[in-house]
Amino acid sequence: MALYSEKVMDHFRNPRNVGTMKDADGVGEVGNAKCGDIMKIYLKIREGIIQDVKFETFGCGSAIASSSIATEMIKGKPVEEAMALTNQAVAEALDGLPAHKLHCSVLAEEAIKAALKDYYDRHGIAYAPARFPDCAHCEGCGR
């Protein structure tokens, strides 16, 4: 049995939405000190819809694949739908990740939420702080 699904390999070899965005409406960057993965997500939002999304990821193949598929999952979607994206949904969309790589899907979820929080902050949009909890597990609990 292969360690990685064909979808993981496809998104690693052919990542979608790679790049930066100079005029982004929201930018989120997260990292995992234990494994060294760093993800940065850029969002362009118009009338509550994510019109464009780009990412830069420094990390392993699972991190790149998680970033790529997560951007595909939120592009063209309402902000509220993007807020609801979970790391489980990212992992499922990749047809699974090895247990020791699940933290990559967690980082993708957190990077998107960090970019959305930045968007809300930049545009003076009120939100409940509980929607953006600080990541207490990034020091390597394995979540």
Side-chain angles (χ1 to χ4, degrees), residues 4-143:
Y4 297 106
S5 73
E6 199 51 46
K7 275 193 181 176
V8 170
M9 295 307 297
D10 180 42
H11 278 271
F12 167 63
R13 290 183 184 127
N14 307 294
R16 285 66 150 180
N17 304 307
V18 175
T20 62
M21 192 182 294
K22 288 188 178 193
D23 58 346
D25 294 309
V27 179
E29 184 173 350
V30 298
N32 184 314
K34 184 176 180 183
C35 69
D37 294 328
I38 300 169
M39 291 183 187
K40 193 168 189 177
I41 300 279
Y42 303 83
L43 301 174
K44 175 61 66 185
I45 300 169
R46 291 292 174 263
E47 298 181 15
I49 305 294
I50 298 173
Q51 299 294 316
D52 197 12
V53 56
K54 299 285 184 200
F55 80 90
E56 294 179 292
T57 294
F58 176 83
C60 66
S62 295
I64 293 165
S66 292
S67 301
S68 175
I69 204 155
T71 60
E72 288 284 284
M73 294 171 79
I74 66 168
K75 193 172 191 175
K77 304 288 190 215
V79 168
E80 286 304 313
E81 194 170 322
M83 272 297 300
L85 183 71
T86 65
N87 67 299
Q88 293 92 346
V90 171
E92 287 173 10
L94 288 169
D95 292 335
L97 287 169
H100 67 284
K101 293 295 184 176
L102 283 174
H103 68 275
C104 296
S105 63
V106 172
L107 287 175
E109 174 190 346
E110 291 174 348
I112 289 167
K113 288 184 178 165
L116 289 168
K117 182 180 182 302
D118 183 54
Y119 166 72
Y120 289 152
D121 288 343
R122 286 184 190 201
H123 293 86
I125 300 169
Y127 59 86
R131 295 186 76 189
F132 301 98
D134 290 332
C135 174
H137 61 269
C138 282
E139 293 303 317
C141 76
R143 179 180 144 194

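Only heavy atoms go into these numbers, but all of them, side chains included; no hydrogens, no water, no symmetry mates.
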Does Tyr127 OH have over 12 foreign heavy atoms under 6.0 Å away?
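Yes - once you tally the heavy atoms of other residues, nucleotides and ligands closer than 6.0 Å, there are more than 12.
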Any salt bridge (Lys or Arg N to Asp or Glu O under 4.0 Å) involving residues 71-88? Give me the pairs, sequence neighbours left out, ordered by first then second residue.
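Pairs touching residues 71-88 that pass the test: Asp52-Lys75, Glu80-Arg131.
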Does any pair with a residue in residues 113-128 pass salt bridge (Lys or Arg N to Asp or Glu O under 4.0 Å), and if so which ones, sequence neighbours excluded?
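For residues 113-128, and leaving out neighbouring residues, the salt bridge (Lys or Arg N to Asp or Glu O under 4.0 Å) pairs sorted by first residue read Glu109-Lys113, Lys117-Asp121, Asp118-Arg122.
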Candidate pair Ile64 and Val18, rule side chain to side chain contact (heavy atoms under 4.5 Å, CB included), full reasoning:
CA-CA 9 Å; Ile64 293 165; Val18 175; over 6 Å; no
Quick one: closest heavy-atom pair of [X] and [Y], and the distance?
X: Ile38; Y: Glu29; value: CG2-OE2, 3.4 Å
X: Gly61; Y: Phe12; value: CA-CD1, 3.3 Å
X: Ile50; Y: Ala82; value: CD1-CB, 3.4 Å
X: Ala93; Y: Lys7; value: O-CD, 3.0 Å
X: Lys54; Y: Thr20; value: CG-O, 3.9 Å
X: Val53; Y: Thr71; value: CG1-O, 3.5 Å

Does a donor on one side chain and an acceptor on the other come within less than 3.5 Å for Asp95 and Ser5?
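Result is no, nothing qualifies.
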Could you check Ile74 against Leu43 for side chain to side chain contact (heavy atoms under 4.5 Å, CB included), going step by step and ending with a plain yes or no?
CA-CA 10 Å; Ile74 66 168; Leu43 301 174; 3.9 Å; yes
Between Arg46 (side chain only) and Lys44 (backbone N and O only), is there a donor and an acceptor less than 3.5 Å apart?
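Between the backbone of Lys44 and the side chain of Arg46 there is no qualifying donor-acceptor contact (under 3.5 Å).
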Any donor-acceptor N/O pair, Ser66 side chain to Ser62 backbone, under 3.5 Å:
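Side chain of Ser66 to backbone of Ser62: a pair is present.
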I want to check something: taking the side chain as every heavy atom from C-beta on, are Tyr42 and Lys22 in contact at a cut-off of under 4.5 Å?
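No, every pair of side-chain atoms sits at 4.5 Å or beyond.
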So Glu92 and Val90, do their side chains get closer than 4.5 Å, heavy atoms only?
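Result no, sub-4.5 Å side-chain heavy-atom pair not found.
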Taking side chain to side chain contact (heavy atoms under 4.5 Å, CB included) as the criterion, tell me which of Asp25, Ile45, Ile125 meets it with Leu116.
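Among Asp25, Ile45, Ile125, the one meeting side chain to side chain contact (heavy atoms under 4.5 Å, CB included) with Leu116 is Ile45.
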Should Phe58 and Asp37 be marked as a side chain to side chain contact (heavy atoms under 4.5 Å, CB included) after you check the CA-CA gap, both sets of side-chain angles, and the distance that decides it?
CA-CA 6 Å; Phe58 176 83; Asp37 294 328; over 6 Å; no
I need the Ser67 OG to Ile41 CD1 distance, nearest 0.5 Å.
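Separation between the atoms: 5.5 Å.
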Mind running side chain to side chain contact (heavy atoms under 4.5 Å, CB included) on Asn87 and Leu102 for me, showing each step along the way?
CA-CA 8 Å; Asn87 67 299; Leu102 283 174; 5.6 Å; no
